[in-house]
Amino acid sequence: MSSPRASLSGFPELLPDQHIVEQHVVDTLRHTFELHGFAGIETRAVEPLDQLLRKGETSNEVYVLRRLQAEAGEADAGMGLHFDLTVPFARYVLDNAGKLEFPFRRYQIQKAWRGERPQEGRFREFTQADIDVVDRDELPFHFDVEVARVMAEGIAALGDLLPPMRLRVNNRKLIEGFYRGIGAPDPSRVITIIDKLDKLPAQAVADLLIEEGGLTDAQAKQCLQLAEIEAADVGFADQVRSLAVTDPLLETGIDELVSVVEGCASVNSDRFQVVASLSLARGLDYYTGTVFEIYMDGFENLKSVGGGGRYDALASDGKTSYPGVGISFGVSRTLLPLIGRGLLRGSRSVPSAVLVALADEESRDTSNAVAQRLRANGVAAEVAAAPQRFGKQIRYAERRGIPFVWFPGAEGAADQVKDIRSGDQVEADPGSWTPPGDDLRPAVLKEDP
RNA sequence: GUGGGCGUAGCUCAGUCGGUAGAGCGCCGCGUUGUGGUCGCGGAUGUCGCGGGUUCGAAUCCCGUCGUUCACCCCA
């Protein structure tokens with residue numbers, strides 16, 4: 001099967017047997033989110049530009065809405081397509097604060113748009129799956145653990161369809177407290193510089209820390225030592241403390257990060273691992289505590305395929321603030337590279353499990369009746385388009401991946417159903433026959449690289 | 001948004017020095033008209049991404065554009 005196609009750069013479109021993969025993943029995530037009591041919502045595609053651009057989000061390329069019949073020189077509508085689901089959600093919470101029950105747990109699986117240059121795994125239109133919890137005034141910390149666990153379960157529920165994933169976790173309080181503790185003049189500046197560690201060599205980052213971060217050689221070295229710490233268990237805490245920096249915020253951050261790592265311990269497996277990663281910073285400035293990023297083994301070139309964190313001040317009406325914590329999974333970013341490389345595809349291009357053969361046009365009613373009886377039992381069935389030779393009707397099914405062909409019995413003979421993969425053909429009654437469970441619906445097939 | 005590579009049949013690709021387009025797979029037909037796949041025989045693959053330019057002549061050279069991909073940037 002071919003790569004995802006796009007007649008417009010960055011706006012991918014899938015073929016039916018590719019779309020099945022995305023549908024399956026979305027359905028699985030939704031099921032897990034709902035098992036955990038998250039309520040589904042959908043927000044409008046459009047937000048006022050001042051909402052989208054606040055918080056210094058100027059770096060995001062926003063698509064702006066404009067009427068086709070606008071007068072020349074007329075200003076745009078002041079609205080743009082949302083570029084993520086977190087900012088619209090914060091707005092939604094403020095708009096509906098009087099009607100929502102807090103803490104409010106929601107999932108949201110929707111398209112988002114960014115006007116950036118496309119690349120593999122990076123699109124102008126893409127689907128994200130977000131879960132967030134918000135509360136009024138205060139949000140208990142255990143929700144930081146919960147959102148990580150729920151997303152981990154959702155991904156784990158996909159079995160081995162996706163490559164192994166790593167959830168890297170850090171804490172803004174920890175690193176800010178550390179930088180403050182060593183006497184850094186501008187801790188937040190240090191965060192943005194440290195964030196470059198994955199593309200610049202350590203020495204270059206150290207130079208930046210000294211030149212732009214205003215640190216001494218010794219301070220820069222301490223920052224790099226902190227950033228090197230990575231552990232799949234709470235052992236990272238001792239490593240941080242061995243650096244002998246003291247600061248109350250640092251201690252809070254260590255405690256919080258320990259809680260997340262401990263709380264997620266039971267979701268660890270060979271396919272999903274939670275790792276404390278002290279170099280993780282994330283570019284967005286609204287995160288105030290826990291920060292997450294999801295990485296997919298073997299696809300490090302994609303950078304993170306998901307991310308999120310705790311934001312204590314994203315939504316506020318002036319009197320009340322609505323702190324939240326959430327995590328987002330990049331459905332398009334993850335799946336389209338896998339689909340495009342042929343690693344994932346649907347087992348068939350149509351939902352039909354059965355093609356009911358058509359002997360001649362006069363017996364179309366008979367074949368239709370068979371299909372209706374199958375459908376009544378939940379078996380997806382279609383009737384052959386034309387009364388071609390049965391060999392061609394079988395081929396019609398084979399092309400689409402339909403596993404069974406049904407032959408209505410002629411002149412009182414019993415009906416027969418043929419498994420076209422094995423060639424086995426047996427008598428069957430359309431009122432009671434069902435295919436093996438695996439064949440009832442299209443499945444997602446995984447091919448090893 | 002900046003810079004580089006690539007774009008030929010449904011797919012993977014070849015195409016020499018500029019001389020008017022090929023292979024494999026797949027597809028269609030027939031052998032076999034109510035049972036596909038194997039095999040045999042036959043057939044069609046096409047705006048050489050698109051537009052313009054140079055030339056007697058362009059898939060080939062030049063420019064632009066669109067798509068794609070990589071690196072920046074940024075992030076899902």
Side-chain angles (χ1 to χ4, degrees), chain A residues 1-13 15 25 29 57-62 82-87 108-130 151 165 192 195-196 198-200 280-285 291-296 299 301-309 326-337 340-342 355 357-360 363 367 384 387-411 413 416-425:
Chain A
M1 198 42 70
S2 57
S3 301
R5 286 159 189 281
S7 53
L8 285 176
S9 180
F11 294 85
E13 294 182 324
L15 291 168
V25 170
L29 291 174
E57 292 279 349
T58 49
S59 59
N60 277 304
E61 281 289 343
V62 174
H82 60 232
F83 54 81
D84 72 1
L85 303 181
T86 306
V87 170
Q108 191 171 347
I109 301 172
Q110 269 182 258
K111 291 275 168 69
W113 295 266
R114 292 183 194 177
E116 293 166 359
R117 184 85 153 237
Q119 237 169 277
E120 185 184 34
R122 179 172 134 179
F123 310 98
R124 288 175 167 168
E125 176 178 73
F126 56 95
T127 301
Q128 281 185 274
D130 277 39
M151 188 59 80
M165 298 277 187
T192 59
D195 196 33
K196 297 182 187 301
D198 61 342
K199 46 195 148 182
L200 291 180
L280 184 65
R282 282 186 76 68
L284 297 177
D285 60 3
V291 286
F292 304 108
E293 279 191 354
I294 305 172
Y295 286 81
M296 183 158 65
F299 292 82
N301 59 308
L302 297 178
K303 305 298 179 190
S304 66
V305 300
I327 186 162
S328 168
F329 180 71
V331 174
S332 303
R333 178 166 234 173
T334 304
L335 258 29
L336 268 49
R341 297 183 191 193
L355 175 75
L358 183 64
D360 46 50
S363 52
S367 292
Q388 293 176 294
R389 280 168 40 204
F390 282 173
K392 292 192 179 179
Q393 297 191 35
I394 291 170
R395 192 167 65 190
Y396 172 104
E398 186 180 32
R399 294 282 154 71
R400 290 161 176 77
I402 301 172
F404 294 96
V405 176
W406 193 282
F407 298 101
E411 297 167 9
Q416 296 196 329
V417 64
K418 179 188 187 80
D419 181 333
I420 65 172
R421 296 158 301 189
S422 64
D424 294 343
Q425 185 165 337

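The basis for the numbers below is simple: all heavy atoms, side chains too, and nothing from hydrogens, waters or symmetry mates. All values reported here derive from a predicted model rather than from experimental measurement. The sequence lines fix the lettering, A, B, ..., with proteins before strands; numbering per chain opens at 1.
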Of the candidates B:G34, B:G36, B:A76, the side chain of A:Phe123 sits closest to B:A76

Can you measure A:Tyr396 atom OH to B:G34 atom P for me and round it to whole angstrom units? 19 Å

Identify whether any heavy atom of A:Ser304 sits under 4.0 Å from a base atom; if not, whether one sits that close to sugar-phosphate; answer base, sugar-phosphate or nothing. sugar-phosphate

Re B:A59: Watson-Crick or G-U wobble partner, both distances kept under 3.5 Å, found to be none

Does B:G1 pair with anything, Watson-Crick or G-U wobble, both distances under 3.5 Å, and if so, with which nucleotide? B:C72

Sticking with atom C1', work out how far B:U2 lies from B:A58, rounded to a whole angstrom. 32 Å

Report yes or no: is the cationic atom of A:Arg400 (NZ for Lys, CZ for Arg) under 6.0 Å from the centre of the six-membered ring of A:Tyr396, at an angle within 45° of the ring normal? yes

d(CD1, A:Ile294; P, B:C75) in whole Å: 17 Å

Measure the distance from CG on A:Leu302 to C1' on B:U69 and round it to the nearest whole Å. 13 Å

Quote, to the nearest angstrom, the P distance that separates B:G57 from B:U65. 26 Å

Between A:Gln425 and A:Gln416, what is the shortest heavy-atom contact and its length? NE2-OE1, 2.7 Å

Considering only B:G36, B:G34, B:C70, which nucleotide approaches the side chain of A:Phe407 most closely? B:G34

For B:U32, does either OP1 or OP2 sit under 4.0 Å from a side-chain N or O belonging to A:Lys392? no

Flag this pair as yes if the NZ/CZ of A:Arg421 is under 6.0 angstrom from the six-membered ring centre of A:Phe404 and inside a 45 degree cone about the axis; otherwise no. yes

Please assess A:Thr192 against A:Asp195 for the test side-chain hydrogen bond (donor to acceptor under 3.5 Å, both in side chains), listing each intermediate value before the final yes or no. CA-CA 5 Å; A:Thr192 59; A:Asp195 196 33; over 6 Å; no

Taking CG from A:Asp84 and C1' from B:C74, how many angstroms apart are they, rounded to a whole number? 13 Å

Pi stacking test for A:Phe126 and B:A76: under 5.5 Å apart, planes under 30°: yes

Tabulate atom names and distances for all N/O pairs under 3.5 angstrom spanning the protein and nucleotides 71-73 of chain B.
{"residue": "B:A71", "atom": "OP2", "partner": "A:Gln119", "partner atom": "NE2", "Å": "3.1"}
{"residue": "B:C73", "atom": "N3", "partner": "A:Arg122", "partner atom": "NH1", "Å": "2.9"}
{"residue": "B:C73", "atom": "N3", "partner": "A:Arg122", "partner atom": "NH2", "Å": "3.4"}
{"residue": "B:C73", "atom": "N4", "partner": "A:Arg122", "partner atom": "NH1", "Å": "2.6"}

State the pairing partner of B:G7; accept Watson-Crick or G-U wobble contacts with both distances under 3.5 Å, and report none otherwise. B:C66

If I pick the P atom on B:A76 and the same atom on B:C63, what distance separates them, to the nearest angstrom? 38 Å

Please report the distance, rounded to the nearest Å, between CD in A:Gln388 and P in B:G36. 14 Å

Write down the distance between CG (A:Leu355) and C1' (B:U35), rounded to a whole number of angstrom. 12 Å

Quantified in whole Å, what is the C1' atom distance between nucleotide B:G15 and nucleotide B:U8? 9 Å

What is the distance, rounded to the nearest whole Å, between atom CD of A:Gln416 and atom P of B:G36? 15 Å

Given B:G36, B:A76, B:U35, identify the nucleotide with an atom nearest to the side chain of A:Phe390. B:U35

Do A:Gln128 and A:Phe329 pass the side chain to side chain contact (heavy atoms under 4.5 Å, CB included) test, and can you show the C-alpha distance, the side-chain angles, and the key distance before you say yes or no? CA-CA 6 Å; A:Gln128 281 185 274; A:Phe329 180 71; over 6 Å; no

CA sep, side-chain torsions, deciding dist, call: A:Arg341, A:Glu120, salt bridge (charged side-chain N to carboxylate O under 4.0 Å, His left out): CA-CA 11 Å; A:Arg341 297 183 191 193; A:Glu120 185 184 34; 3.1 Å; yes

What about A:Glu398, does its side chain sit under 3.5 Å from the base of B:G37 through a donor-acceptor pair? no

Please give the nucleotide sitting opposite B:G40 as a Watson-Crick or G-U wobble pair, both distances under 3.5 Å, or none. B:C30

Which sits closer to the 5' end of RNA chain B, A:Gly306 or A:Lys418, going by the nucleotide each is nearest to? A:Lys418

How far, in whole Å, is B:G19 from B:C27 if one measures between their P atoms? 34 Å

Starting from P on B:A76, measure out to CG on A:Asp130 and report it in whole angstrom. 9 Å

Please classify the nucleic acid contact of A:Gln128 as base, sugar-phosphate, or nothing, using heavy-atom distances under 4.0 Å. sugar-phosphate

Please pick, from B:G34, B:U35, B:C27, the nucleotide with the shortest atom-to-atom distance to any side-chain atom of A:Ala410. B:G34

Of all the heavy-atom pairs spanning A:Ala357 and A:Phe390, show the shortest one and how long it is. CB-CE2, 4.1 Å

